[in-house]
Amino acid sequence: QSRMRKMNKRDYIGCVTWYVVSLLIGVLALPLMLLREWYQWKRYHLPHIEGEDIVRYGIVITLGTLTRVVWEIIKL
C-alpha cells in the first residue's frame, strides 16, 4: 500500500478537523494548514515536511470549501 492510503487515528481526526474548518472559513483553511505543517516541521525538527498530510488535508479542505460554496448557493 502507498503511504497515502495508510491512515491512522490522527489522520482521520485531522481530516475531520480540516473539513469543519473549511466549512467555517472556506479556502482560507488552506494557507492555515500549510502554515501549520511548516510550523510542525520547524518546531519538532522533522526530517521533512509531511507531503502526504498536505495532499490529504488539501483534498479535504477543497471538498469542505466546495460544500460551503454549494450551501451558500442553495441558501440564496
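Fair warning: this is a prediction, and the values are worked out from it, not measured in the lab.
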Taking Ile49 as the starting point, is it possible to reach Leu34 by hopping between hydrophobic residues whose side chains are less than 4.5 Å apart? yes
Give the cluster check for Ile61 versus Val20: same hydrophobic cluster or not, with ILVMFWY residues linked at side-chain heavy-atom distances below 4.5 Å. yes
Once salt bridge (charged side-chain N to carboxylate O under 4.0 Å, His left out) is applied, what residue pairs with a partner in residues 29-47 remain, sequence neighbours excluded? none
Who passes side-chain contact (heavy atoms from CB on, under 4.5 Å) against Arg10, sequence neighbours left out? Asn8, Glu50, Asp53, Tyr57
Side-chain polar contacts of residues 21-32 - donor-acceptor pairs under 3.5 angstrom, sequence neighbours left out - could you list them?
residue : atom : partner : partner atom : Å
Ser22   : OG   : Trp18   : O            : 3.2
Ser22   : OG   : Tyr19   : O            : 2.8

Under a 4.5 Å side-chain heavy-atom rule over Ile, Leu, Val, Met, Phe, Trp and Tyr, are Tyr44 and Ile54 clustered together? yes
Hydrophobic clustering (ILVMFWY, side-chain heavy atoms < 4.5 Å, transitive) - are Val69 and Val60 grouped together? no
